[in-house]
Structure formats: C-alpha cells, structure tokens
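Below you'll find the structure, written out as structure tokens, and then a few comments.
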Amino acid sequence: MATELPKAYDSKAAQEKWLTFWEGKGYFHSEPDPEKKKYPNGPYTIVIPPPNVTGALHMGHALNNTLQDVLIRWKRMQGFNALWMPGTDHAGIATQSVVERLVLAQEKKTRHDLGRDELVKRIWDWKDKYEARILGQLREIGASCDWKRTRFTLDPVCARAVRETFFRMFRDGYIYRGKRLVNWDTHLQTSVADDETYTEDTKSGFWTFKYPVDGMPDTFISFSTTRPETMLGDTAVCVHPTDERYKALVGKLVLQPHTGRKIPIIADGQLADPELGTGCVKVTPAHDPNDYACWQRHPEIGIINILNPDGTINEAGGEYKGLDRYKAREAVTEKMKELGLYVDKSERIVPMPFSDRSKTPIEPFLSDQWFVKMSDREDGKPGLAQMSMDAVTSGKVKFFPERYARSYLDWLGEKRDWCISRQLWWGHRIPVWSRPVQDQDGYKASRARFMLEPEIRTAHEQGRLEFEYQGERASTQPESRTAPGRATAVVSTTSNFIHVCIAGDDAALVSKLSSLGFTQSDDVLDTWFSSALWPHSTLGWPGPALPEERADRTAPDWERDRYYYPTSTLVTSRDIITLWVARMVLTGLYNVGDIPFHHVYITPKVLDGFGEGMSKTKGNGVDPLDIIDLYGTDAMRYGMVKLATETQDAKLPVSNICPHCGKEVAVKQEHMYMRTKKLTCPECKKEFRPGGPWQTDDPDRPTAKQGSDRFEEGRNFANKMWNATRFLLMNLEGYAAGPVNIAELPTEDRWLLSRLATTTKAVTAALDGYKFSDVARLLYDFVWSEFCDWYIEMSKGRLKDAAARPTAQRVLAGVLDGILRLVHPLMPFVSESLWQALNETAPERGLPSPAKAEESAAIAAWPSYPDAWISADVEARFARMQELVRGVREIRNRYQVDDKTKLDVAVKCSAAVAAEFNALAAFIGPLAGIATLTAGPDTAKPKQAGGLVKPDFEAYVSLAGLIDAAAEMKRLEKQITDKRKALDGTRSKLANEKFVNSAPAEVVQQQRDLLADIEKQIATLEENLKDLQSA
RNA sequence: GGGCGUUUAACUCAGCGGUUAGAGUGCCUCCCUUACAAGGAGGAAGUCGGGGGUUCGAGUCCCUCAACGCCCACCA
C-alpha cells in the first residue's frame, strides 16, 4: 500500500527539498551540444535581465522571473538544451548613491572624504552582500537558472567584452568625443543624474529686456527671461516662423550689448511660442536644454559657455569674468538699465531643479562626454540605429505583444547619439588615455611625435591601439559645421586633446602612455553599455575562456558557447525597451553580426491596489517573500502567471496581516506611501507597522506581512492537486500498468481523454504565443472542474467494481501523470512532490501505453496526445449529461429535498431539467458514476444512492402540492418570459434575408438549432406550468 | 504636448464580429459524504464608461467625449 500523503500540501517543506534535489542532479546546468547528440532540438536560451544589486527582489522581479522559469522549464521538458543564464547588474548610479548615502549616514563622510578606491571597495562589499541575497531570492522562487554560469556586469568576462566593444567602436569611428548639457552641481562640482535632482517651485524674477536691431535705428526686439546673466552667452534671438510681428526681422542681426557681439534673429517653430510673452526668446545654447536643442537645429549660430565649474563667469563673459552667476545677474541687469534696454520685471513661480545632495540649484552645463554615433554612415550604409531598426522591421526580432515594436522603432528612429560617459566611480572605467596637445603646431606634429615611440607604433600597427583628435575623425558634432564668418568661437576648456584607446588590458602600453603624460579618463561607462552586451558577453564573447575564471564555474568560452547565440527569448519590462533592448540588438549586430534574441516578450506591470505603479519612493511595494511565506511559492508563481495577460497591467490589492492575531486589515492608500507608520488592529487592538519595503525593523512594533487574496486561487489549486493525488494513491491497490484501448473505454473515460488532449494542445499553443494567463486558466479548469469535480467523482463507483477498477486506475494514473507534466513549469514544487509520490506506487504509467516515468518532473517529457482522442460528439453528450445533473442538484438544493419522491416532483417542475432528462434517458445508462453525482449529502448511505437516475414522470403531478407551488409558478413564468425574448431575437434574425445570405452557413444552422431548442424548452415550461396550476 | 494602454458582477480580471456575456474572490443557502472545509452542491449579482456610427448582427470594429494609468518630451 502506498505511503499516505498528509492531508494538506505543505509548501514550505517541499520548497527546500526539491531545490536541493534538482540542483544535486544538475538538471539546470547546460553544456553545448553542437552535434545534437543529446538534444536534437538544439538550444533554448534565455538570459536573465540582470537585477540591480541595490536591494531586494520586488514583485516585478517575481513576475518577470516566474515567466522566464515557466518558459525554460517547459522547453527543457520539450527536449531542448535549455540554458537560463543568471546574473546581476552593477547599476552605476543607483548602487553608488545607495552606498554613498549609507556612508554619509553611518560615518558622516562624503565620497570625496573616502576617495575613489575606498568608495569602490565599499561598493564591492555591498555588492557581494546584496548579490548573494538577490540570487538567493531568485532561487527561492524556483528559478531553474544554470547557477554555475552566474555573471556580474563588472566581472572580468564582462569587462573584457566591454573593453573590446569600446575599442572596436572607437577604431571604427562610432565613438567620439562631444559636448552635452549635464545637470551641474556647482557646489560639489560634479554632474548629477536626472534622478538625483528634484524640482521645486521657486519664486523668481521674470525680466523683460530688448536688444537693438543692427542697422535699423529705433528698432528693438524684446524678450523675457528668468536668468539675465545668460545673456552673456546668447548667440541668437528666436521667433516663430509664422509670427507676423517679426517676419520682416528674421535674418537681421541684433546687438548683444554686454559683449558687443552681433547675433542673428532666427525663426524656429519648436523653440518660440508666439502666444507666450513677447513671442520672442533669447537663445543660450550652452546653458539651457531647449536652446541647446535649437542650436543643434541651427548650428551656424554657435554656442558659448560662460560658466566655470564653480558657477562663476568665465572669460567669455568679458568684463563680468570672475563674478558669481547671481552677482553677474544683477550686474548684467544693471547694465541693461543703463543702456535703456530694460523693459520691466515681474515675479513668477518657476520650477527649479536642485541637486539632491547639495540642495543647491542645478546649472545646465556644457561638458565633454563620450558618445556612440547612431546616425547613418557617411558611406551611405546603415548606421547602428538603422541596423537595429532593420532587425525588427524585417521580422528577425519579434515583439510580444507586437505593439511594443513601435516604441522601439520610434525611439531608434530619432537616431540620437548615445552618451556613454558618466561622472561616477562605480562602473567600467572608460579605456581612454588623454593628453593635451602640447605643441604649438598642433595635432599633426603631436601625432607624428607620438608615433615615433616604437611601442606605440607597433601597437597601432597590430591594431591594439587607436587614437583620435577632436575634429580630425569623423564627427557629427555641429561645431565642425559651424559656418565660417559668422561664428563665435567654440569655447571649451577640454577640446585640444589626443585621446588614445587601447584594446584589452595591456599594462606595458598603459605605463608607456603614462610616461608620455597620458592619463586615463576618470569617467565610467553608462551602465547600459555593459548590459547591452549581456547576451553575448555572458557567453564569453570575444573568447577564449579567461584563465582567471574560477575553477568551480564553467568558464564561458565564446568558441564553444556561441552555440547558445542568438538566444531565444528575452523577457523584460516595457520601460527598458529603449535603454536596454534596443542596445542589445545594436551591440549584438555590431559585435557578433547577429541578433541577440529572436523574441522579446514584454511583461505586464504590477500595480498597487489603487492602480499606481509600485516604487521604492512611493513605498507601495509588495514583498514577494511575504507572499511566498503566506501562500507558498507555487501559489505565488501561479498568481504571477495568471495576471500575465496580453494587454492588461494588473492591480494587486493587498491587506496587512496583523502580526499579533493574524487578522486581515484592509490597506488604504494612505497606509502606503510611508505616511502611516503605525496601525491598530481592529481585532486585537494591538499596534503594528503596515507591511511594505521598510529598510529596517521598528523596535517598538512588529511589521505586518502583506497578503493578497489573488494568491489564494493558486494555493488552493496546489492543494487540490495534492488531494487528487492523495485520492488516487489511496485507491491504487492492485494497480497493474497496462495499455488501454480507447475504443473500448466507457464514455466518461473517452470524455476525459478528449479533454486532456484538447487541453494539452491548447496549453502548448498558449505557451508558444506567450499567453501565460491562458495557460493557468486552461490548467485550472481542466484539473479542477473536469478531472476532480466530474471524473474523480464518477470514478468512485468504478473503483469499487472489480471489473471496472483496473481500467479506472490506469486512466486516473495516466491522466494525473499528464497533469503533473503540464503543471510543472508553473508550479514546480507541488508537481515534483506528487510526481515523486506517484513514482513510488505507479512508476509505470501513461496513456495509451504505460512506460517508466522519469525520475523527476523537471526532466519529464512534455506531453502530447493523439488528435484522434478529441471527440466533439463525446464531449457534447457529456456536456448534456452535466447539464442534467446540475439541474437535478439545483432542485435538490432549492427545495432542500432529501426524499426521493419529493425530489422527483421538483425535478418534473423544473422544465429545463425535465427536457434534458427525457433527451438523455438513453444515454445515462453507460455512465457508471452518475449516481454519485446526483446524490445528496448522504450518498454514503446506500439506500439513497442512485435514487434519481430513472425518475417516474407519471407520478409527479399528483404530488406537486409537496412543493411551494406559488414560488415555482412564479419562477416558471419568469423563465418563460426570458425564453420568449430569446426566441423573438432568434426568429427575427432568421427572418432577415441578409443574415441568412451573408452569415456563414454554420452560424445560420446554429441559429436554427437554437430556435428549435428554445421552442422545445418553452413548450416544456408551459406544460409544466399548466400541470402545476391544475395540481 | 506626443505615444501607448485601461474602463465588463461588490473586488481582481477573462472574453476582441455570430447561441441566453464568463472565472476566481466576496456574498446567500445547504452539507464536516473516507481525496480535499485551502472542500462539496446550489443560488443571487452585469442597460459590458457616456454618445454617435459601420454591419443582417457590436463588450467585440470606427469616430467622439470622459475618467484613470504608464512611457517619452517639456514647462523662456
């Protein structure tokens, strides 16, 4: 006799047990198999979107990684060589600022106090801790990653790929030095990222001035500004092209009085708004993002930087040089007053950007940065952006859902150059060494001298070293196109450099460069530069394996691991389609010459219960580990799969589980957003802190876990399968594996197998189309409604019948076997538990012929059943039987009948049931289990069992008084009215010639059948009503 | 400002041109029946956001209005 399972599924016990088991067996490790010896289907590869090492897993990760695991487990079962590459991302800004904040809070030190090396060391410590935590959490959700291949975007393998890519792009002229407006913190003298700034509404002056038009005495053009000092850097004034007031002035020059420069009046529809202010704006490209963009459209106007890094005016400001920008503001305004060019001043509230860290106002500041050129090439061939677009428009890379291809194409279509340098310390340092051009005769002489160095020349000849000089190499920089004559000088303190890039790590070359006065850039690369390489860098590109790779890892080796490239599917969220997906395609095509993945599946977004996105700053996150703890990992995964629908983002309302008494306390919106730090349980009146992503514990009160009933379905489903298996194991005594002949099976078996085959097909198709929610629904319906509610119930009688028992056992075991396979990708723990239990008692099972089951569900073959099993006829007949049984049950329930005679009367009075009953009378016989289905609560008592199967219709009418005749008549009348409505609708449809002519034949036939059906139903209802009335 | 999406039962969501619109949860009634009370059986509950249109036929397609959400740009 089989070991008996406990009564309920214990998710916690299963989780650790099977994780250890799977890992011990090495199921998740993949080795290339180019000869297709072991895996004729070839590889199926997913690279994980590497989570940041900044913190813990959140609900988005849970969703994203569950779906990846579903795919990878499914493909593994389908016989693909499945590889899921795990890893983490160093996430430059995010990680550095987290650690900086920590250091500041704990030691009151800034990064400058620590110094670069020390700060970087602290961040590595942080990374080691949080990487371990995140990977541990991933493992806990059941992620079947090939952990031996775990990578980090800063590890040597990835660093090598970064260096190689940078070098190649530099060599090929795709990487260039250019200028960009950054958020400048004049206090800390550093640039800050957009998300390290905040805007505050600030009271500010709003001045209006006028410039005299050159050559037209008494003609002025007036404009308004909140920053008068930037007039020193004006290079144009701008009006709207359709503005009649200024049309005649466009193309004329005006005098910039402080500097004496003459600047043009230009027309630009994007910058000037004729409705606003005077309709005319001053243009200061170096100190305003909009003006900067305008300059890019009109490069001939020139660009002038007037600020020093400390916020004082530089030499471009002439007599104002050295003044603080706010002092300069007053002085500049004063001068305009003196000249009679001041019009007026008002007060205005303007949003002003501030630096998070110094709390001082941000200055847009022109600085030198490195860029990747995205535009088309001068030789007419597609550039990087175009190549990446072509990969999608040609269909080589497909998006699911399709509409997201549009975001991708729109964004790449702008072909905006990619700024890849960041003024940070945490990241891949830019592999460029620079030195100012020292010689009077400029770059050419400088280069000639440089090339006289033997090491340098040799390295260059061998293609290990490349250098560039501003302006000589191909550049899209507008300044190189500045129109002669008109031009204001380009003022930059850093223009005249020789920049040298070397391939790979070459200590000798570096030291040579150093001796020649070259220093390496302080900047690091944009995080996305290294994550862009993720699909090929993690596979060891450009190869071969690095010697320093630890022995206990599988050292990635491009020669060998190229096998996995292109990867199969990328699963990610829509907000990084541009930042990440587009750039992976780009670098994949550029480095490898092939797309990085065939499919991109974009996941829905998990919203809070109030429809807003979850974020750390809002404090409305939900911890997946809370969910796992309360409902189990299988339930969490099922819930995630269920909400992964095609179009919808999903709201996830949560409640706080009181840590004292377990009462569920509803969450109000204000409880999130970190406003409410304390709640009182309405049940036990004790205090607790609401759940959420709190950084630390509150010593005074425990933190609630967050629950959500959206996970109950999955938990209950796991338990249902657990108990179905438990039932089977209790009834397997005498089980003998053997083939079944479908043609000889009773109706319910044929129905079940038809449903199993249909479901299997549908599930496989849904997975193929990334319709995850459908997968969950199909399985739930089949397992719960069809297998448990109907088939198992009907099998109970047969299991007691010695003749029918062996077949029933085989079908039960065979179908359960299929169910466990189908469910495994979604709910690996419960399915593995049951698989193992079943293996003990029925190791040989399967339909139509048994075979020895695999040792683990994780490597069991994905099922597929013959189409011939699918029988519309059997399914239709069974469906009518179900209707009948439901009808009987309804009567039984409605009248609470436990007496056969009374019940039979009630049945007669329920028209639908009576009609079905007659129609099915001939069919009921062979359904061995029907008695169980229609019996009441006391089935166990033999005298009642089966009492309803063959009703004696003649006896009813006279007994009608036993039921509530008035209520029943009312009900019947309502039913008749409803049916007549339906009848009218159908009739008018069929009377309509256009319908009959233009609708598909089967639809018309459907309507005819329906009409006949309704007519019959009405007739029966009316007859019953009459019977009832006369009784 | 541009783009995308959503609006169907009390809640969370399916349904995307053709029977009398579904599920889970919640609610009501009955039942601790030897797989499962994390369960079984049944029931009540919806003018499918408003308004137009296309069609023989519209939650389903088109237009429009409204509300909500997301992404991007921007706020002299």
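Quick caveat, the model's predicted, so the values are computed rather than measured.
Contacts of Y780(A) with the nucleic acid, taken as non-hydrogen atoms under 4.0 Å apart, involve only primed sugar atoms and P, OP1 or OP2. Nucleic acid contact for T645(A): sugar-phosphate only, since backbone atoms but no base atoms lie under 4.0 Å from a heavy atom of the residue. Among the protein residues, A718(A) comes within range of no part of the nucleic acid, since none of its heavy atoms lies under 4.0 Å from any strand. Residue L643(A) is out of contact with every strand shown, counting any heavy-atom pair closer than 4.0 Å. The residue P1000(A) sits close to a base: some heavy atom pair falls under 4.0 Å. Contacts of N719(A) with the nucleic acid, taken as non-hydrogen atoms under 4.0 Å apart, include base atoms. Within 4.0 Å (heavy atoms only), C788(A) reaches at least one base atom of the nucleic acid. Counting non-hydrogen atoms under 4.0 angstrom, S998(A) reaches a base of the nucleic acid. In this structure, R710(A) reaches the sugar-phosphate backbone alone: every heavy-atom distance under 4.0 Å involves primed, P, OP1 or OP2 atoms, never a base. Counting any heavy atom pair closer than 4.0 Å across all strands shown, K7(A) reaches sugar-phosphate atoms only and no base atom. Nucleic acid contact class of R227(A) (heavy atoms, under 4.0 Å, all strands): none. Base engagement by K720(A) is indicated by at least one non-hydrogen atom pair under 4.0 Å involving a base atom. Residue contacts shown for D291(A) are absent, as no nucleic acid heavy atom lies under 4.0 Å away. In this structure, W207(A) reaches neither bases nor backbone, as no heavy-atom distance under 4.0 Å exists between it and the strands shown.
Base orientation for G53(B): anti, the chi torsion being more than 90° from 0.
Of the charged side-chain nitrogens involved, at least one lies within less than 4.0 Å of a carboxylate oxygen, so that R777(A) and D774(A) count as a salt-bridged pair.
Rounded to an integer number of Å, the gap from CE of M640(A) to P of C13(B) is 12 Å. Distance, K651(A) NZ to C11(B) P: 9 Å, rounded to whole Å. At whole-Å resolution of the value, CG in D575(A) and P in G69(B) are 17 Å apart. What separates CD of Q1007(A) from C1' of G18(B) is a distance of 7 Å, to the nearest Å. Distance K796(A) NZ to G40(B) C1': 9 Å, rounded to the nearest Å. In this structure, NZ of K605(A) is placed 9 Å from C1' of C71(B), rounded to the nearest angstrom. E414(A) places its CD atom 11 Å from the C1' atom of G3(B), with the value rounded to the nearest Å. At whole-Å resolution of the value, CG in N723(A) and P in G40(B) are 10 Å apart.
What you find for A842(A) and Y735(A) is that their closest heavy atoms are CB-CE2, 3.5 Å. Among all heavy-atom pairs drawn from P285(A) and W295(A), the shortest one is CB-CB, 3.5 Å. Nearest heavy atom pair, residue F995(A) against residue L990(A), reads CE2-CD2, 4.2 Å. Scanning both residues, Y9(A) and S833(A), for their nearest heavy atoms gives CE1-OG, 4.2 Å.
A44(B) and A10(B) are spaced 15 Å apart, taking the P atom of each and rounding to whole Å. Across the C1' atoms, A45(B) and G50(B) are found 23 Å apart, a figure rounded to whole Å. Between the P atoms of G69(B) and G26(B), the separation comes to 29 Å (whole Å). Nucleotides G43(B) and G22(B), compared at atom P, are 13 Å apart to the nearest Å. A distance of about 23 Å separates the P atoms of G57(B) and U64(B), rounded to the whole Å. Rounded to the nearest Å, the gap between the C1' atom of G59(B) and that of G51(B) is 16 Å. Spacing between C11(B) and C27(B) at atom C1', rounded to whole Å, works out to 12 Å. Taking atom C1' in both C74(B) and U6(B), the straight-line distance is 25 Å, to the nearest Å.
Considering only side-chain atoms of K989(A), the nucleotide from A35(B), G18(B), A73(B) that sits closest is G18(B). The listed nucleotides are U19(B), U25(B), U12(B); the one nearest the side chain of L1010(A) is U19(B). Considering only side-chain atoms of E712(A), the nucleotide from U25(B), G18(B), C13(B) that sits closest is U25(B). Out of A35(B), A14(B), G40(B), the shortest distance to the side chain of R726(A) is found at A35(B). If you check A35(B), G39(B), U20(B) against the side chain of T986(A), the one that comes closest is U20(B). Here G69(B) is the nucleotide among C71(B), G69(B), C13(B) with the atom lying nearest to any side-chain atom of L607(A).
A ring-centre distance under 6.0 Å is found for Y211(A) and F223(A). Ring pair Y404(A)/F399(A): centre-to-centre distance not below 6.0 Å.
Looking only at distances, no side-chain donor or acceptor of N183(A) sits under 3.5 Å from a matching main-chain atom of I362(A). Side-chain atoms of Y631(A) never come within 3.5 Å of backbone atoms of R710(A) as a donor-acceptor pair (strictly under, hydrogens ignored).
Along RNA chain B, the nucleotide nearest Y404(A) and the nucleotide nearest A650(A) are compared for position; the residue whose nucleotide lies closer to the 5' end is Y404(A). Ranked by how close their nearest RNA chain B nucleotide is to the 5' end, W722(A) and I1014(A) are led by I1014(A).
The base of A38(B) does not come close enough to the side chain of E713(A) for any donor and acceptor atom to sit less than 3.5 Å apart.
Close to C4(B), at under 4.0 Å from its OP1 or OP2, lies no side-chain N or O of R574(A). The side chain of W790(A) places no N or O atom within less than 4.0 Å of a non-bridging phosphate oxygen (OP1 or OP2) of G40(B). Using a 4.0 Å cut-off, no side-chain N or O of N716(A) falls inside it from OP1 or OP2 of G24(B).
In this structure, the separation between CG on D629(A) and NZ on K12(A) is 4.0 Å, given to the nearest 0.5 Å.
Stacking of K796(A) on the aromatic ring of F727(A) is recorded, both the 6.0 Å distance cut-off and the 45° axial limit being met.
For RNA chain B, each stem of at least three Watson-Crick or G-U pairs (distances under 3.5 Å) is given as range with range: B:1-7 with B:66-72, B:10-13 with B:22-25, B:27-31 with B:39-43, B:49-53 with B:61-65.
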